[in-house]
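Quick caveat, the model's predicted, so the values are computed rather than measured.
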Amino acid sequence: MQHFQLTIENHIAHLVLSRPEALNTMGPRFWRELDGVLDALHRGSDARVLLISSTGKHFSTGMALDVFGGAIQMDDASAAGRAAISDLLAELQATFTRLETLRIPVITAIQGGCIGGAVDMVTAACMRYCTRDAFFCIQEINIGIVADVGTLQRLPKLIPMGVVREMAYTGRRLPAARALAAGLVNEVFDTQEAMLDAALQTAREIAAKPPVALWGSKQALNYARDHSVADSLQQMGWLQGVVWSEAQVREAVAAMQQKRPGEFAPLAPLQRFTDLPSDA
């Protein structure tokens with residue numbers, strides 16, 4: 001990969017944006033590589049949590065400017081061409097939605113600028129840590145377009161609508177202190193090193209839990225965000241019926257009492273039906 005470095009150790013997948021000289025911008029290859037990584041992590045069974053961090057001064061300054069300069073051609077001169085824009089955007093949206101639907105929790109660690117498409121990306125994660133110099137910016141309004149890959153849909157679920165509207169209409173930066181006060185980030189750190197240490201500690205704690213219970217918790221929280229309490233309680237009953245395991249509960253309790261790591265089965269690897277051997 002050119003845009004990322006991936007390691008998996010002790011059930012923690014650590015994905016690092018690795019093009020600081022280009023401010024970790026997002027071009028077509030970025031999307032292809034990220035989509036491939038997330039698909040592999042989703043189908044695999046080794047990783048129990050994903051940490052996404054970055055390198056250089058800025059986490060990411062969003063979509064590469066050459067994309068807007070013509071790398072992707074969008075025809076706005078006809079109804080058919082404009083209709084095709086929707087399908088193009090759906091592909092980009094689907095990549096970041098993979099973070100939301102990934103079978104494991106996702107933590108992001110953000111330093112410096114988190115701009116444009118990077119806001120789309122981190123709002124699809126479960127948790128966000130940042131450094132004191134971090135800031136968030138809905139850059140799209142500054143270049144004459146509407147943010148279209150998830151920010152305007154997910155950010156209002158995380159912070160007050162008035163703050164979202166201010167960011168979306170003005171393109172102003174939301175600094176780390178205000179992001180913390182609004183609830184966008186979990187914690188703010190003085191240095192990138194301290195932030196990564198804390199993010200990795202959280203990742204280690206998550207990786208020590210039963211993977212199927214983590215999967216169930218993420219399913220329940222995502223569902224509850226978008227549904228009524230009554231509907232979510234009903235879904236919870238069905239979900240608990242899927243993930244409940246007496247053996248797992250006994251192991252978790254015993255491990256806690258004996259002050260030792262628990263031993264839990266991984267999630268089952270996923271296969272595509274179309275990849276199965278066939279005699280036809």
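- Under the 4.5 Å side-chain criterion, counting only non-hydrogen atoms from C-beta, E187 is in contact with F189.
- No side-chain donor-acceptor contact under 3.5 Å links R128 to the backbone of I110.
- The two residues C137 and G171 make their nearest non-hydrogen contact at SG-O, 3.2 Å.
- Considering only residues two or more places apart in sequence or on other chains, I138 meets the side-chain contact (heavy atoms from CB on, under 4.5 Å) condition with E140, A147, T151, L152, L155, M167, A168.
- Counted within 6.0 Å of CD on E205, heavy atoms from surrounding residues, nucleotides or ligands total more than 12; the atom is thus considered enclosed.
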For this session: Go through the steps for L214 and K218 under the test side-chain contact (heavy atoms from CB on, under 4.5 Å), then give the verdict.
Result: CA-CA 6 Å; L214 291 171; K218 186 171 182 178; over 6 Å; no

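- To the nearest 0.5 Å, atom CG of residue D120 and atom CG of residue L92 are 9.5 Å apart.
- Residue S45 comes nearest to P266 through the heavy atom pair O-CB, 3.5 Å, listed as atom of the first residue, atom of the second, then distance.
- Side-chain contact annotation: R154 with T97, donor-acceptor N/O pair under 3.5 Å present.
- The hydrophobic cluster containing V253, built from Ile/Leu/Val/Met/Phe/Trp/Tyr side-chain heavy atoms closer than 4.5 Å, also comprises W244, V249.
- Connection of I52 to I12 is not established within any shared hydrophobic cluster, with ILVMFWY side chains joined at heavy-atom distances below 4.5 Å, either directly or through further cluster members.
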With a cut-off of 3.5 Å and sequence neighbours excluded, list every side-chain donor-acceptor pair involving residues 231-239.
{"from": "D231", "atom 1": "OD2", "to": "S228", "atom 2": "OG", "distance (Å)": "3.4"}
{"from": "S232", "atom 1": "OG", "to": "S228", "atom 2": "O", "distance (Å)": "2.8"}

For this session: Please step through side-chain contact (heavy atoms from CB on, under 4.5 Å) for the pair L41 and L15, ending with a clear verdict.
Result: CA-CA 11 Å; L41 290 174; L15 185 65; 5.9 Å; no

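- Contact check for F96 versus W31: side-chain heavy atoms found under the 4.5 Å cut-off.
- When all heavy atoms of P20 and G56 are compared, the pair lying nearest together is CB-CA, 3.7 Å.
- Within the 4.5 Å cutoff, the side chain of V243 has heavy atoms near those of the Q240 side chain.
- Not one N or O on the side chain of H58 forms a donor-acceptor pair closer than 3.5 Å with the backbone of L23.
- Closest approach of A182 and I159 over heavy atoms only: O-CG2, 3.7 Å.
- Tracing side-chain contacts under 4.5 Å through hydrophobic residues (I, L, V, M, F, W, Y), one never reaches L51 starting from V185; they form parts of separate clusters.
- Side chains of R204 and N10 form no contact here, defined as non-hydrogen atoms less than 4.5 Å apart.
- Of the possible donor and acceptor atoms, one in the side chain of N24 sits under 3.5 Å from a partner among the backbone N and O of R19.
- Separation of atoms CZ (R43) and CG (L267) is listed at 13.5 Å; rounding is to 0.5 Å.
- Counting heavy atoms from C-beta outward, I104 and H42 have side chains that stay 4.5 Å or more apart.
- With hydrogens and angles disregarded, no donor-acceptor distance shorter than 3.5 Å links the side chain of E263 to the backbone of E251.
- At least one side-chain heavy atom of S60 sits less than 4.5 Å from a side-chain heavy atom of L17.
- By the ring-ring contact (aromatic ring centres under 6.0 Å, His included) test, F4 is found to be paired with F30, residues two or more places apart in sequence or in another chain being considered.
- Proximity of a side-chain donor or acceptor of Q192 to a complementary backbone N or O of S54 within less than 3.5 Å is detected.
- Pairing each heavy atom of P105 with each of C126, the nearest pair is CA-SG, 3.8 Å.
- Counting non-hydrogen atoms of other residues, nucleotides and ligands closer than 6.0 Å to NZ of K209 gives a total of 12 or fewer.
- Side-chain atoms of T108 come within 3.5 Å of backbone N or O of M127 as a donor-acceptor pair.
- The cluster map of Ile, Leu, Val, Met, Phe, Trp and Tyr, joined by side-chain heavy atoms under 4.5 Å apart, puts I8 and L102 in the same cluster.
- Evaluation of the ring-ring contact (aromatic ring centres under 6.0 Å, His included) rule for H14 yields no partner, not counting sequence neighbours.
- Residues in residues 81-93 take part in no side-chain hydrogen bond (donor to acceptor under 3.5 Å, both in side chains) pair, two or more places apart or across chains.
- Annotation: side chain of Q271 is in contact with side chain of L276 (closest heavy-atom distance under 4.5 Å).
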Problem set entry | Trace of the side-chain contact (heavy atoms from CB on, under 4.5 Å) decision for T202 with Y129 | CA-CA 11 Å; T202 300; Y129 292 157; 2.8 Å; yes

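- Checked by atom type and distance alone, the side chain of H227 pairs as donor or acceptor with a backbone atom of Y223 at under 3.5 Å.
- The OG atom of S245 sits 7.5 Å away from atom CZ of R250, with the distance rounded to the nearest 0.5 Å.
- For the ring-ring contact (aromatic ring centres under 6.0 Å, His included) test, no residue two or more places apart in sequence or in another chain qualifies with W215.
- The residue from V37, D39, V106 that alone fulfils the side chain to side chain contact (heavy atoms under 4.5 Å, CB included) condition with R98 is D39.
- Contacts of F135 classified as ring-ring contact (aromatic ring centres under 6.0 Å, His included), with partners at least two apart in sequence or in another chain: none.
- Atom CD1 of I107 and atom CG of L196 lie 11.0 Å apart (nearest 0.5 Å).
- Counting heavy atoms from C-beta outward, M1 and Q5 have side chains that stay 4.5 Å or more apart.
- Residues meeting the side chain to side chain donor-acceptor pair (under 3.5 Å) test with T131, sequence neighbours left out: D133.
- Every side-chain contact (heavy atoms from CB on, under 4.5 Å) that R178 has, sequence neighbours left out, goes to V163, E166, L174, P175.
- V212 and V49 are members of different hydrophobic clusters when ILVMFWY side chains are connected at heavy-atom separations under 4.5 Å.
- Both M26 and F136 belong to a common hydrophobic cluster when Ile, Leu, Val, Met, Phe, Trp and Tyr are linked at side-chain heavy-atom distances under 4.5 angstrom.
- Surrounding CD of E9 are at most 12 heavy atoms belonging to other residues, nucleotides or ligands under 6.0 Å away.
- Residues meeting the side chain to side chain donor-acceptor pair (under 3.5 Å) test with Q139, sequence neighbours left out: N142.
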For this session: Please lay out, stage by stage, how T95 and V149 fare under the test side-chain contact (heavy atoms from CB on, under 4.5 Å).
Result: CA-CA 9 Å; T95 295; V149 192; over 6 Å; no

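- For the pair R103 (side chain) and P211 (backbone), a donor-acceptor distance under 3.5 Å is absent.
- The main-chain N or O of H3 is found under 3.5 Å from a side-chain atom of E33 such that the two form a donor-acceptor pair.
- Scanning for side-chain contact (heavy atoms from CB on, under 4.5 Å) contacts around K157 gives R225, D226, with sequence neighbours left out.
- Between M195 atom CE and R132 atom CZ the span is 12.5 Å, to the nearest 0.5 Å.
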